[in-house]
Amino acid sequence: VNSDPEGTLRSLTPRGADGALRQRVLDEIGRELAARKPARWQRLIGPAVAASVIFAFGANIGITQWHETRLAAIFGPPAIPGNLREVLAIVESVTDRETAHLVEQRLIAASRSEPSFEQNLRVIEKYFQNLNALGKEDRREKTQEDRQDRSDHPGRAPGLGLDRERHVYLDYRLPA
Amino acid sequence: MDSLGQRLARGDRAAFAELYDACSDRCHHYVVTVVHTREAADEVIQETFLRLVRNRQKLAQIADLEAYVFVIARNEALRCLTQRGRGKVREITGAELFMEAGGADGSQRDLADLVARGLENLNPLEREVVELKIYGGLTFREIALVIEAPLQTAASRYRSALDRLKPWLAGQMK
């Protein structure tokens with residue numbers, strides 16, 4: 001041992017890693033190198049799906065806009081009922097053009113709204129009333145014609161000449 | 001003839017074995033002084049080489065591969081310390097660090113234990129530079145790269161550590 005600390009330190013040899021570690025590390029390296037890398041097309045699947053979804057979304061918006069523009073060009077703007085036009089004229093005279101336009105959009109949207117549950121019930125109720133009335137009328141006509149038929153052709157089976165059909169439809173016209 | 005870096009980048013297993021043989025002992029010694037157990041150092045060395053394999057494409061551009069291995073090993077060792085959390089750090093014995101500690105020569109065994117204790121007394125930053133310089137075989141430029149500090153800082157830490165060790169060793173030898 002001398003007075004030079006650097007020399008003292010250098011006189012010792014580091015123990016280093018054990019031999020077993022070398023084999024373990026090299027085995028792990030071999031496994032890592034042998035691990036199959038995903039093919040190029042497999043790595044591209046994810047981005048391709050994402051791009052397709054974005055493209056489809058964009059195309060849907062684009063096509064819808066194009067279709068609406070085309071329909072507007074063919075059919076013109078939606079017709080405004082006369083009573084609405086009068087209300088809008090009043091609104092515009094009181095406020096301004098932008099407010100009137102806003103009210104116009106709201107009123108048109110409201111006028112196109114789906115029938116409510118109560119309205120549907122009233123329509124169905126009216127349908128059954130009509131059906132009942134027509135049934136009664138039918139039976140009355142049938143009785144009269146059958147009576148006439150039997151007096152014209154004695155011995156003929158009753159109701160044989162009646163093959164007329166009547167149809168009843170649901171009337172969805174909403175009250176004004 | 002391809003350089004070692006190019007062979008590594010190609011995934012040549014023999015090239016990795018060559019790199020391991022060239023620096024694993026020195027690097028392992030350094031890592032033991034950071035993580036304080038040989039078992040943890042084994043894990044760190046294994047993880048270091050696996051990281052090299054996974055990022056092998058970069059290795060063709062690395063000019064100083066041995067210093068680069070030390071950089072990766074240091075990062076892995078610090079990660080290992082972070083995962084382990086702050087606990088009481090055990091003292092590393094001469095037997096864990098030096099070949100001489102297991103030899104037949106009694107004076108060499110004593111010297112190994114003495115140096116191990118002397119290094120334990122150093123500031124960890126100073127000790128790191130001493131380990132990298134003397135047992136890691138790195139230049140000050142490489143050490144500065146590994147510890148992410150200026151070259152002058154690395155050199156001054158080394159000188160300061162030796163200045164501390166000199167009287168301590170002299171006092172123990174009496």
Side-chain angles (χ1 to χ4, degrees), chain A residues 1-70, chain B residues 11-13 16-17 20-21 24-32 38 41-43 45-50 52-54 56 94-103 107-108 110-112 114-116 118-119 130-131 133-137 158 161-170 172-173:
Chain A
V1 175
N2 53 43
S3 60
D4 172 22
E6 193 173 357
T8 306
L9 296 176
R10 283 189 190 281
S11 69
L12 296 170
T13 315
R15 195 174 136 189
D18 295 335
L21 179 64
R22 182 182 191 275
Q23 196 53 49
R24 205 171 88 195
V25 170
L26 293 182
D27 287 347
E28 286 293 324
I29 289 172
R31 259 193 290 278
E32 190 71 31
L33 289 172
R36 192 178 71 86
K37 285 194 295 185
R40 189 178 169 78
W41 67 269
Q42 285 172 320
R43 277 177 284 156
L44 290 176
I45 282 179
V49 169
S52 306
V53 169
I54 292 168
F55 174 76
F57 190 69
N60 191 25
I61 291 171
I63 289 169
T64 305
Q65 283 179 350
W66 171 78
H67 187 63
E68 282 176 3
T69 311
R70 189 169 151 269
Chain B
D12 181 350
R13 190 172 182 270
F16 280 99
Y20 181 91
D21 292 338
S24 68
D25 281 346
R26 291 179 286 133
C27 194
H28 189 274
H29 175 92
Y30 164 64
V31 172
V32 171
R38 289 185 66 82
D42 288 355
E43 294 297 322
I45 291 293
Q46 180 171 323
E47 196 51 44
T48 299
F49 275 86
L50 285 178
L52 290 169
V53 174
R54 287 176 197 136
R56 58 184 175 275
E96 289 175 290
L97 289 177
F98 302 113
M99 299 286 276
E100 288 78 3
S107 64
Q108 286 290 297
D110 292 344
L111 180 63
L114 183 69
V115 168
L119 290 170
V130 170
E131 297 285 0
K133 177 72 179 162
I134 294 182
Y135 301 115
Y158 181 73
L162 291 186
D163 289 346
R164 260 184 241 279
L165 269 177
K166 191 174 178 179
W168 189 87
L169 286 172
Q172 296 294 315
M173 302 279 177

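Quick note: numbers below take in every heavy atom, side chains included, and nothing from hydrogens, waters or symmetry partners.
B/G11 and A/L33 make their closest contact through O-CD1, 3.4 Å (heavy atoms, listed as atom of the first residue, atom of the second, distance). Summarising the geometry of B/I134 relative to A/R10, their closest heavy-atom pair is CG2-CG, 3.7 Å, with the distance given to 0.1 Å.
B/R38 contributes atom CZ, which lies 5.0 Å from atom CG of A/D18 (distance to the nearest 0.5 angstrom). Taken to the nearest 0.5 Å, the CZ atom of B/F16 stands 13.5 Å off from the CD atom of A/E28. Here CG of A/L12 is found 6.5 Å from CD of B/Q108. Values are rounded to the nearest 0.5 Å. Within the model, atoms CD of A/Q23 and OH of B/Y20 stand 10.0 Å from one another, a figure rounded to the nearest 0.5 Å. Atom CG of residue B/D12 and atom CD1 of residue A/I29 lie 11.0 Å apart, to the nearest 0.5 angstrom. To the nearest 0.5 Å, atoms CG (A/L9) and CG (B/L162) are separated by 7.0 Å.
Proximity to chain A is limited to the side chain of B/D21, based on heavy atoms less than 4.5 angstrom apart. At a 4.5 Å heavy-atom cutoff, B/A170 makes no contact with chain A through either its backbone or its side chain. For B/A41, no part sits under 4.5 Å from any heavy atom of chain A, backbone or side chain. When heavy atoms are compared at a cutoff of 4.5 Å, B/R13 approaches chain A by way of both its backbone and its side chain. Residue contact with chain A, scored on non-hydrogen atoms closer than 4.5 Å, is absent for B/V32. Heavy atoms of B/Y158 lying under 4.5 Å from chain A belong exclusively to its side chain. For a residue to count as touching a neighbouring chain, one of its non-hydrogen atoms must lie under 4.5 Å from one of that chain's; by this rule B/L97 touches chain A with the backbone only. No part of A/R31 comes within reach of chain B, as not one of its non-hydrogen atoms sits under 4.5 angstrom from that chain.
Comparing A/A20, A/S11, A/P14 by how many heavy-atom pairs each has under 4.5 Å with chain B, the most go to A/P14. With chain A as partner, the option from B/L165, B/V115, B/D42, B/I45 having the largest number of non-hydrogen pairs under 4.5 angstrom is B/D42. Contacts with chain A were tallied for B/E96, B/R26, B/E47; B/E96 has the most, counting heavy-atom pairs under 4.5 Å.
The residues B/E43 and A/R24 are annotated as salt-bridged, a charged nitrogen and a carboxylate oxygen being separated by less than 4.0 angstrom.
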